[in-house]
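Report on the structure given below.
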Amino acid sequence: MKLQRTIAPLAAAIALAFAGGTAFAQEQVVKIGHVAPITGPDAHMGKDNENGARMAIDELNAKGVTIGGKKLKFQLLAEDDAGDPKQATAAATKLVDAKVAAVIGHLNSGTTIPASKIYSDAGIAQVSPSATNPKYTQQGFKTAFRVVANDAQLGNVLGQYAVKTLGGKSIAVIDDRTAYGQGVAEEFAKGVKAAGGTVVATQYTNNKATDFNAILTSIKSKKPDVVFFGGMDAVGGPMLRQMKQLGVTAKFMGGDGICTGSLPGLAGAGLGEDQVVCAEAGGVQESEKKGMDDFRAAYKKRFGIDVVYNAAYAYDATNAVVAAMQKAGSWDPAKYLPELAKVSYKGVTGNIAFDTKGDLKDGTLTLYTYKGGQRTLLAVTK
């Protein structure tokens, strides 16, 4: 009798364990990679992108996504490339070895481009929320996509604006020699020339520089109306400080790399009223503003800080990939990649759809200035 009493609960426990094992087997873990600089001068931007992807993953898991009769549990594998091309390829190889289904990233063009061949060779989708150098999608890889406008569009719009709207006749151009900085500066110079302006000085620095006195002194002698910087805010901010110290009063322009909420803190007293004009490779029309405002509020509630850079684009990139998986009925990249190429996903940043190269169709740009230490909207354009 004692033996029966002992066996019965044991049998029930074994049955429960098997039932639990069956339920667990029905939950399919799908790994999504994310790569950005989490250390180094661009760490605040990289963490912002990672947070955007993490928000999407958390919401998808809370909502529940079922494909092929299996409930998917998405897992974000976040890697740090420190903005360094060599570290980027190492991170890409690590994610390929981990058998991720997709990668959101990288942040910088200089890391996105070398990593893209590794993902292409492995047949894994890569969607960058912020890499803007045109070369990224000109390599013929069927795995490479971006959810923001590229530098050809952004640089041209800024170059035209410098001449036609700001009235700049003589313009100086500085870049940080990265794939992003050099690319956007070259496209800006083309836009200036097309609009009838003149580039009177071209100077170079690097993405870790802190002293710009020599190049700014040289530029000052040319008396430019506009100084354009191709690079990130961690360099652009100190450059603005030194421009003020040297008495360079020209308008300061740049792409999305300087167009951040962090620029006022980095520039300090060097940030004059309406002195800076920059463009973000993205932006929402008035009809989509509420969705973006709601995202920003949810982001602040989740992380306790304001959006710094492209978090919403990382969020949309993640959701667009999962939408393609659902359409294909598979999380296997070989099966869902054709669906991603023709996806039409309504995100918080607008409609996500790609051209034959993997560039965003009808990408928007947002022009900003800074007033009272706050980034202020000028216009949304295409």
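The model shown is predicted, which means the values in this text are computed figures rather than measured ones. Only this structure's heavy atoms are used, side chains among them; waters, hydrogens and symmetry mates stay out.
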Are any non-hydrogen side-chain atoms of [X] and [Y] less than 4.5 angstrom apart?
{"X": "Glu27", "Y": "Lys70", "answer": "no"}
{"X": "Ile305", "Y": "Tyr299", "answer": "yes"}
{"X": "Val235", "Y": "Pro41", "answer": "no"}
{"X": "His34", "Y": "Leu95", "answer": "no"}
{"X": "Met55", "Y": "Phe303", "answer": "yes"}
{"X": "Ile124", "Y": "Val100", "answer": "yes"}
{"X": "Leu360", "Y": "Asp355", "answer": "no"}
{"X": "Gln203", "Y": "Ile219", "answer": "yes"}

Derivation of the side chain to side chain donor-acceptor pair (under 3.5 Å) call for Arg146 and Thr137: CA-CA 8 Å; Arg146 74 172 115 227; Thr137 51; 2.9 Å; yes
Hydrophobic cluster membership, [X] vs [Y], 4.5 Å side-chain cutoff:
{"X": "Leu77", "Y": "Tyr119", "value": "yes"}
{"X": "Val277", "Y": "Phe228", "value": "yes"}
{"X": "Trp331", "Y": "Ile32", "value": "yes"}
{"X": "Leu378", "Y": "Met292", "value": "no"}
{"X": "Val321", "Y": "Tyr136", "value": "no"}

Lys NZ or Arg CZ of Arg375 over Tyr368 ring: under 6.0 Å, within 45°: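 Relative to the ring axis of Tyr368, which defines the angle, Arg375 lies inside both limits.
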OH on Tyr180 to OG1 on Thr111, rounded to 0.5 Å: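 Here the interatomic distance stands at 13.0 Å.
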Reported NZ-to-CG distance for the pair Lys371 and Asp274, which is rounded to 0.5 angstrom: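 Here the interatomic distance stands at 3.5 Å.
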Trace of the salt bridge (charged side-chain N to carboxylate O under 4.0 Å, His left out) decision for Lys190 with Glu186: CA-CA 6 Å; Lys190 288 178 189 176; Glu186 287 173 354; over 6 Å; no
Do the side chain of [X] and the main chain of [Y] share a donor and acceptor less than 3.5 angstrom apart?
{"X": "Gln245", "Y": "Gln242", "answer": "no"}
{"X": "Gln126", "Y": "Ile104", "answer": "no"}
{"X": "Asp151", "Y": "Gly183", "answer": "no"}
{"X": "Thr198", "Y": "Ser170", "answer": "no"}
{"X": "Glu280", "Y": "Leu367", "answer": "no"}
{"X": "Lys220", "Y": "Leu246", "answer": "yes"}

Partner of [X] under side-chain contact (heavy atoms from CB on, under 4.5 Å), chosen from [options]:
{"X": "Phe74", "options": "Val29, Val30, Thr318", "value": "Val30"}
{"X": "Asp233", "options": "Cys278, Cys259, Pro264, Ser262", "value": "Ser262"}
{"X": "Leu365", "options": "Val157, Asn156, Val148", "value": "Val157"}

Sole candidate of Asp81, Thr112, Asn49 that passes side-chain hydrogen bond (donor to acceptor under 3.5 Å, both in side chains) when paired with His106: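 Testing each of Asp81, Thr112, Asn49 against His106, the sole residue satisfying side-chain hydrogen bond (donor to acceptor under 3.5 Å, both in side chains) is Asp81.
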Salt-bridge present (Lys300, Asp306; N to O < 4.0 Å):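 Looking at Lys300 and Asp306, the cut-off is met.
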Presence of salt bridge, Asp58 and Arg302, under 4.0 angstrom: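 Salt bridge between Arg302 and Asp58, a charged N being under 4.0 Å from a carboxylate O: yes.
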Criterion side chain to side chain donor-acceptor pair (under 3.5 Å) on Asn133 and Asn150, from CA distance to verdict: CA-CA 6 Å; Asn133 191 302; Asn150 67 31; over 6 Å; no
Leu107 and Met45: CA distance, side-chain angles, deciding distance, side chain to side chain contact (heavy atoms under 4.5 Å, CB included) verdict: CA-CA 8 Å; Leu107 180 139; Met45 295 182 177; 3.7 Å; yes
So, [X] and [Y]: side-chain donor and acceptor under 3.5 Å apart, yes or no?
{"X": "Asp256", "Y": "Tyr309", "value": "yes"}
{"X": "Asp42", "Y": "Asn108", "value": "yes"}
{"X": "Asn351", "Y": "Ser344", "value": "yes"}
{"X": "Asn207", "Y": "Thr178", "value": "no"}

Derivation and outcome, side chain to side chain contact (heavy atoms under 4.5 Å, CB included), residues Ile174 and Thr205: CA-CA 7 Å; Ile174 308 169; Thr205 183; 4.2 Å; yes
Salt bridge (charged side-chain N to carboxylate O under 4.0 Å, His left out) between Asp294 and Lys290, worked out: CA-CA 6 Å; Asp294 289 347; Lys290 185 181 183 304; 2.7 Å; yes
Geometric class of the Phe295/Tyr315 ring pair [parallel <30°, tilted 30-60°, perpendicular >60°]: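 Tyr315 and Phe295: tilted rings.
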Parallel, tilted or perpendicular, as decided by the 30° and 60° cut-offs, for the rings of Phe145 and Phe354: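 Geometry flag for Phe145 against Phe354: tilted rings.
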Test log, rule salt bridge (charged side-chain N to carboxylate O under 4.0 Å, His left out), inputs Asp175 and Arg177: CA-CA 6 Å; Asp175 77 66; Arg177 296 282 88 182; 2.9 Å; yes
Full working for side chain to side chain contact (heavy atoms under 4.5 Å, CB included) between Val103 and Val127: CA-CA 6 Å; Val103 174; Val127 187; over 6 Å; no
